[in-house]
Chemist: 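Next up is a structure, given as structure tokens.
Note that this is a predicted model, so its numbers are computed, not measured.
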Amino acid sequence: MNQKRKMIEDALISGKTIDELIKIKLKEEIQSAFTKVKVKFEKKRVFDIKSVPQSEIFGKKAVFKIFNKNNKTISYINGIQAESMLGMDNLTREKLLKGEAEVFSTDNSFVKFEYADIIVRS
């Protein structure tokens with residue numbers, strides 16, 4: 001309570017109007033907000049599945065490579081599509097999320113984790 005009283009006394013002694021004091025207070029609050037926001041973010045491409053956060057492995061920014069056994073072709077899909085290829089195979093899904101495996105197979109294809117683009121603080 002003493003600190004608040006001292007601030008009021010200082011404001012009254014300074015001879016400034018209430019509008020000027022409000023402007024000064026707003027400037028201080030804006031400056032403190034800008035210093036908090038100055039943290040920069042950058043996009044980083046991570047190739048090791050162990051370094052990718054679990055929430056990003058089966059996301060839009062993750063890329064998986066598919067080798068089709070029948071056609072002998074290679075194509076790329078995102079993490080959402082890769083997770084749908086797993087179907088009911090929860091054991092493989094958990095291994096991928098923990099980083100214990102980066103490859104799985106289906107009836108007619110092999111699927112391998114390639115990379116994920118994640119946002120990190122710099």
Chemist: So M85 and Q81, do their side chains get closer than 4.5 Å, heavy atoms only?
Modeler: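 SC-SC contact between Q81 and M85 ruled out.
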Chemist: Is there a continuous path of hydrophobic side-chain contacts, each under 4.5 Å between heavy atoms, that joins V103 to Y115?
Modeler: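 Cluster IDs for V103 and Y115 differ.
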Chemist: Looking at K112 and E114, is any side-chain nitrogen of the basic one under 4.0 Å from a carboxylate oxygen of the acidic one?
Modeler: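 Looking at E114 and K112, the cut-off is met.
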Chemist: Once rounded to the nearest 0.5 Å, what's the spacing between atom OG of S109 and atom CD1 of I66?
Modeler: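 Between S109 OG and I66 CD1, I get 5.5 Å after rounding to 0.5 Å.
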Chemist: Closer than 4.0 angstrom, basic N to acidic O: yes or no for E56 and K61?
Modeler: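 Judged by the 4.0 Å cut-off on N to carboxylate O distance, E56 and K61 do not form a salt bridge.
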Chemist: Check whether any side-chain heavy atom of K43 sits under 4.5 Å from a side-chain heavy atom of I118, and report yes or no.
Modeler: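 They are not in side-chain contact.
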Chemist: Considering non-hydrogen atoms only, spot the tightest contact between N70 and N68 and give its length.
Modeler: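 Result for this residue pair: N-OD1, 2.9 Å.
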Chemist: Answer with yes or no whether the hydrophobic clustering places V111 together with V46; edges join I, L, V, M, F, W, Y residues whose side-chain heavy atoms lie under 4.5 Å apart.
Modeler: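 Yes; tracing contacts between hydrophobic side chains, which count when under 4.5 Å, links both residues.
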Chemist: Does the side chain of T106 reach to within under 4.5 Å of the side chain of F104, using non-hydrogen atoms?
Modeler: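 They are in contact (side-chain heavy atoms under 4.5 Å apart), so the answer is yes.
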Chemist: Can you check whether F113 reaches V63 side chain to side chain, under 4.5 Å on heavy atoms?
Modeler: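 Side-chain contact under 4.5 Å: no.
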Chemist: Roughly how far, to the nearest 0.5 Å, is CG of L86 from NZ of K95?
Modeler: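 Answer rounded to 0.5 Å: 12.0 Å.
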Chemist: Of all residues at least two apart in sequence or in a different chain, which pass the ring pair (Phe, Tyr, Trp, His ring centres under 6.0 Å) check with F58?
Modeler: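 F58: no ring pair (Phe, Tyr, Trp, His ring centres under 6.0 Å) contacts found.
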Chemist: Ignoring hydrogens and angles, tell me if any N or O in the side chain of T92 forms a donor-acceptor pair with the backbone of D89 under 3.5 Å.
Modeler: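 No, the answer is negative, given that no donor and acceptor are paired below the 3.5 Å cut-off.
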Chemist: Closest approach of E83 and R93, non-hydrogen atoms and distance?
Modeler: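 That closest heavy-atom pairing would be OE2-NE, 3.3 Å.
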Chemist: To the nearest 0.5 Å, tell me how far S84 OG sits from I77 CD1.
Modeler: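 Between atom OG of S84 and atom CD1 of I77 there are 6.5 Å.
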Chemist: Run the side-chain contact (heavy atoms from CB on, under 4.5 Å) test on K44 and D117 for me, step by step, so that the C-alpha distance in whole Å, both residues' side-chain angles and the decisive distance to 0.1 Å come before the verdict.
Modeler: CA-CA 6 Å; K44 184 178 177 185; D117 291 328; over 6 Å; no
Chemist: Does K25 NZ have over 12 foreign heavy atoms under 6.0 Å away?
Modeler: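 Open.
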Chemist: Find out whether I49 and I57 are in side-chain contact, i.e. whether some heavy atom of one side chain is under 4.5 Å from a heavy atom of the other.
Modeler: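 Yes, their side chains come closer than 4.5 Å.
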Chemist: If the condition is ring pair (Phe, Tyr, Trp, His ring centres under 6.0 Å), which residues does F110 pass it with, not counting sequence neighbours?
Modeler: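 Partners of F110 under the ring pair (Phe, Tyr, Trp, His ring centres under 6.0 Å) test: none.
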Chemist: Might you point out which heavy atoms bring K60 and N78 nearest each other, and give the distance in Å?
Modeler: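 For K60 and N78, the tightest heavy-atom pair comes out as O-CB, 3.7 Å.
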Chemist: Would you name the heavy atoms of Y76 and K65 that are closest together and state the gap between them?
Modeler: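 Reported closest heavy-atom pair: OH-CE, 3.5 Å.
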Chemist: Considering all heavy atoms of both residues, which atom of A101 and which atom of L96 are nearest to each other, and what is their separation?
Modeler: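 Closest approach of A101 to L96, heavy atoms only: O-CD2, 3.2 Å.
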